[in-house]
Amino acid sequence: MKIFFTIIVMMLSAHSVDAQTFLTGKRVITFSDNTRGNRAVPTDIYYPANTAGNNVALATGTVKFPVVVFGHGFVIGTSSYQWLADSLVKYGYIVALPSTEGSLAPSHGNFGEDLAFLCNRITSLNDSTASFLYQRVIKKAAVGGHSMGGGSSFLAAAGIKPSIYALFNFAAAETNPSATQAALLNEKASLIFSGSSDCIVLPIVQEAMYDNIPFACKTYINIAGGLHCHFANNNAICSFGQVSSGCNTSSVTATSLFTKTISLLLPFLDYYLKDNCTRGEVFVATYNTITGVTKRQSCQSIPSCGPVPVTVEYFRGYKNGSSHNLTWKVNCISSPRASMNLQRSTDGRNFTSIYSLTAEAVRCLQPFDNTDAHPMAGLNYYRLKLTDADGKVSYSNIITLLNKNSSFDITGILPNPVPENGAVVLNVNSSQKNKLQILVTDVSGRQILKQTTEIIAGNNQIPLNLDKLAAGSYQIKAGIDDGNFRIISFVKK
């Protein structure tokens, strides 16, 4: 009874910090992505307002709002997700739904890039004096989607995306490039929903994506009786597909599915985008008590709203010749001491310690630094693991440095061995925009495949289709115009 009472109190006080609720304003804005030939990205923007309607003013005040970017399903209009927009806007979110790739032959890759682009673009409007969102945006975004858009949300979140802090999706479908493989590169907190009666995209598809997510805190919810089109408010085109497939009936209504979904999604987003610790506890309590679902969770760090003595004020890194210099500042004034462990990784997931120290509270007032005199070849990921005197563990942000004076490097191929379907992602880090020529050869040096692709300055995830390769050992040789090239070996199952 005491536990039940505690949960009720938490849920009743869930929005004590954000007690104000909002009506929904809407604007249609076409953004232009100048990194992709000024690609037009028309987008429905839903936002908090004092008066509901199109093109109304943003809600008065100084409260800032985080961003949610959501991708629609195959040939499903964005209006089918207004239930989601209204549910989030009410509690202080800006929700963006791009209407691109609505044809019968959509490009999943482009749609994923549209979602990632909007996360960056809309959070940046906080600094744009010309925007109606000027000084009103929290620079944190979550990316999500339904069906095709759900799969594309994995493409958007893959790799290092500074503006994206969380991922969620509904009945996510496999895409090309593969969303299941892109999940291996997802470093964000994730909340995955499916419906047990979905015969359009079977729940096993979402389970495979969930299993591939390497992030330490991920949750999977399969709603009993849920249909694929419930998540799109029973969109007519979507429902026609269900009728044709013989799975358009369920004892569960769309409204009941919405209720279960929002009961978890809203505190999840509040915790990761608004830094509202109490809402993290509500998420945990709701997960533990929700009924009518099957569920899985892998979370090493359960939210706790007690004191957090050790916090990171900053963590930075820069190249110094062949070395990497790391500097940081922490605050451990509420703890008598703090242990700091500087960790390095070559894939952004598996970290090893390269330096550690323990500092008393007074020493924490001063900055710390360390030099990695022997960084690994290619891309190096760094983070801090912090442990206070009571054993509480927290982590800093991850920073990346490229250990190459040359213009690019191959930092990996995932997965390796390559599966039978041949869907892989080649990870390349480049110091500048360039054209990359990719050659796949067998052990005798015979050329099997040739491909040229544009790469940008920074991290690139290049999808490759190797399904025509027979089982065996191969090499990828990648080069640019100046004659530099890199080689990586892989095995095809």
Side-chain angles (χ1 to χ4, degrees), residues 43-44 46 68-88 93 95-103 106-108 110-112 114-116 118-119 141-157 166-175 179-180 182-183 186 190-203 205-210 219-223 225-242 245 247-248 250 252-262 264-266 268-269:
T43 306
D44 295 343
Y46 296 88
V68 172
V69 177
F70 189 86
H72 61 79
F74 176 65
V75 297
I76 299 177
T78 57
S79 61
S80 294
Y81 306 100
Q82 186 159 347
W83 70 269
L84 176 66
D86 288 340
S87 299
L88 297 180
Y93 284 86
V95 181
L97 292 95
S99 56
T100 54
E101 301 305 326
S103 72
S107 166
H108 302 150
N110 282 338
F111 200 36
D114 291 343
L115 298 176
L118 287 175
C119 289
V143 64
H146 170 232
S147 194
M148 176 187 78
S152 297
S153 70
F154 277 108
L155 304 181
L167 174 144
F168 70 95
N169 48 53
F170 310 144
E174 181 61 300
T175 54
T180 306
N186 172 42
S190 302
L191 177 58
I192 311 301
F193 290 92
S194 64
S196 69
S197 297
D198 186 347
C199 71
I200 305 299
V201 182
L202 298 178
V205 175
Q206 293 93 50
E207 291 185 51
M209 296 172 185
Y210 171 85
T219 302
Y220 172 68
I221 302 293
N222 186 9
I223 300 175
L227 298 173
H228 190 78
C229 302
H230 276 156
F231 292 107
N233 202 13
N234 293 324
N235 171 272
I237 296 176
C238 184
S239 295
F240 177 77
Q242 286 185 160
S245 301
C247 61
N248 197 45
S250 172
V252 174
T253 65
T255 300
S256 64
L257 180 136
F258 295 167
T259 300
K260 289 183 185 295
T261 300
I262 291 299
L264 283 162
L265 178 60
L266 193 57
F268 171 82
L269 295 175

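Counting begins at 1 with the first residue of the sequence.
Under a 3.5 Å cut-off, the side chain of Ser245 and the backbone N or O of Gln242 do not form any donor-acceptor pair.
In this structure, a donor-acceptor pair under 3.5 Å is present between the side chains of Ser147 and His228. At a cut-off of 3.5 Å, with distance as the only test, no side-chain donor of Ser190 or Tyr220 sits close to an acceptor on the other residue. Looking only at atom types and distance, the side chain of Asn222 has no donor-acceptor partner in the side chain of Ser196 under 3.5 Å away.
Side chains of Leu264 and Ile221 form a contact here, defined as non-hydrogen atoms less than 4.5 Å apart.
Remark: Cys119 pairs with no residue by the disulfide (SG to SG under 2.5 Å) rule, at least two apart or across chains. With sequence neighbours excluded, no residue forms a side-chain hydrogen bond (donor to acceptor under 3.5 Å, both in side chains) with Ser99. Taking Thr180 as the reference, Glu174 meet the side-chain hydrogen bond (donor to acceptor under 3.5 Å, both in side chains) condition, with sequence neighbours excluded. Residues satisfying the side-chain hydrogen bond (donor to acceptor under 3.5 Å, both in side chains) criterion with Asp114, sequence neighbours excluded, are Arg36, Arg39, Thr100. Scanning for side-chain hydrogen bond (donor to acceptor under 3.5 Å, both in side chains) contacts around Thr253 gives Ser256, with sequence neighbours left out. Scanning for side-chain contact (heavy atoms from CB on, under 4.5 Å) contacts around Ser87 gives Trp83, Ile262, with sequence neighbours left out.
Taking the ring centroids of Phe268 and Phe168, they lie at or beyond the 6.0 Å cut-off. Taking the six-membered ring for Trp and the full ring otherwise, His146 and Tyr81 have centroids separated by under 6.0 Å.
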